[in-house]
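The structure presented is a predicted model; accordingly, all values stated were derived computationally and were not measured. Residue numbering restarts at 1 for every chain, and letters A, B, ... go by the order of the sequence lines.
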Amino acid sequence: KAGVTQTPRYLIKTRGQQVTLSCSPISGHRSVSWYQQTPGQGLQFLFEYFSETQRNKGNFPGRFSGRQFSNSRSEMNVSTLELGDSALYLCASRDDRSYEQYFGPGTRLTVT
Amino acid sequence: GDSVTQMEGPVTLSEEAFLTINCTYTATGYPSLFWYVQYPGEGLQLLLKATKADDKGSNKGFEATYRKETTSFHLEKGSVQVSDSAVYFCALSGLKGAQKLVFGQGTRLTINP
């Protein structure tokens, strides 16, 4: 079974721009969550989706948004990028029976 | 709110040494507990988990026991290898079935041959 895939793997953007990251969960998984990883703040929860509905949201500004499609693929969007948004963005999909979460390799976003 | 505290790193050991990485948590109710490992340039991999008090999770020679009385989930391995070098994260999910994970700050482990 293929794992969680994230695209793109690397991204360089300029302050003020917006960016969209994509995540394809493991086949059959309906739950997707997103995390931001930085050296200073560590791993922080962004949001989670289940069957196209956002079920929980972390403490991030409204510039961070996401959505999930009917095939369970998810996207997250960050508008008006700031230097502090530079991070590794990780997506995870969850097995609804075991509740185990499987992470993708991440998208490394650099804002200049 | 829920939180996880890990021993600070980095930790450097020689091959075949005994490993302990301490993890304590604060949570209401009965969280599920996890250890994840992150190798350079990769995402997180689930190493082991425990879902109730006194459960022992184990995988690849690593073990951790869910201790409710001490709110701890320490990671141990009897004999580490160079290939165990990575960053280790302790995490909890606060409610049964909840997807949100709360992570500790991570512990970087380096094993020297």
Original post:
What do you reckon, is CD of Q17(A) surrounded by more than 12 foreign heavy atoms closer than 6.0 Å?
Top reply: yes
Original post:
Can a salt bridge be assigned to the pair E48(A) and K100(B) using a cut-off of 4.0 Å between side-chain N and carboxylate O?
Top reply: no
**OP:** Identify which part of Q45(B) has an atom lying under 4.5 Å from any heavy atom of chain A, answering side chain, backbone, both or neither.
**Re:** neither
Subject >> R108(A) NZ/CZ over Y10(A) ring centroid, <6.0 Å and within 45° of normal >> reply: no
**OP:** Answer with side chain, backbone, both or neither: which region of T107(A) has an atom nearer than 4.5 Å to a non-hydrogen atom of chain B?
**Re:** neither
**OP:** Using the ring pair (Phe, Tyr, Trp, His ring centres under 6.0 Å) rule, take F45(A) and Y35(A) through it: C-alpha gap first, then chi angles, then the decisive distance, then the call.
**Re:** CA-CA 5 Å; F45(A) 172 78; Y35(A) 295 83; 5.7 Å; yes
**OP:** Would you mind checking which part of L46(A) comes under 4.5 Å of any heavy atom in chain B, side chain (CB onward), backbone (N, CA, C, O), both or neither?
**Re:** neither
Original post:
With only heavy atoms counted, which part of L44(B) is less than 4.5 Å from chain A, the side chain, the backbone, both or neither?
Top reply: both
Original post:
For Q37(A), is it the side chain, the backbone, both or neither that has a heavy atom under 4.5 Å from a heavy atom of chain B?
Top reply: side chain
Subject >> Parallel, tilted or perpendicular: ring planes of F103(B) versus F89(B), cut at 30 and 60 degrees >> reply: perpendicular
**OP:** Answer with side chain, backbone, both or neither: which region of E42(B) has an atom nearer than 4.5 Å to a non-hydrogen atom of chain A?
**Re:** backbone
**OP:** Check whether V32(A) gets within reach of chain B through its side chain, its backbone, both or neither, counting any heavy atom under 4.5 Å.
**Re:** backbone
Original post:
Hey, which of G42(A), G106(A), S33(A) has the most heavy atom pairs under 4.5 Å with chain B?
Top reply: S33(A)
Original post:
Just wondering, more than 12 heavy atoms not from E16(B) lying within 6.0 Å of its CD?
Top reply: no
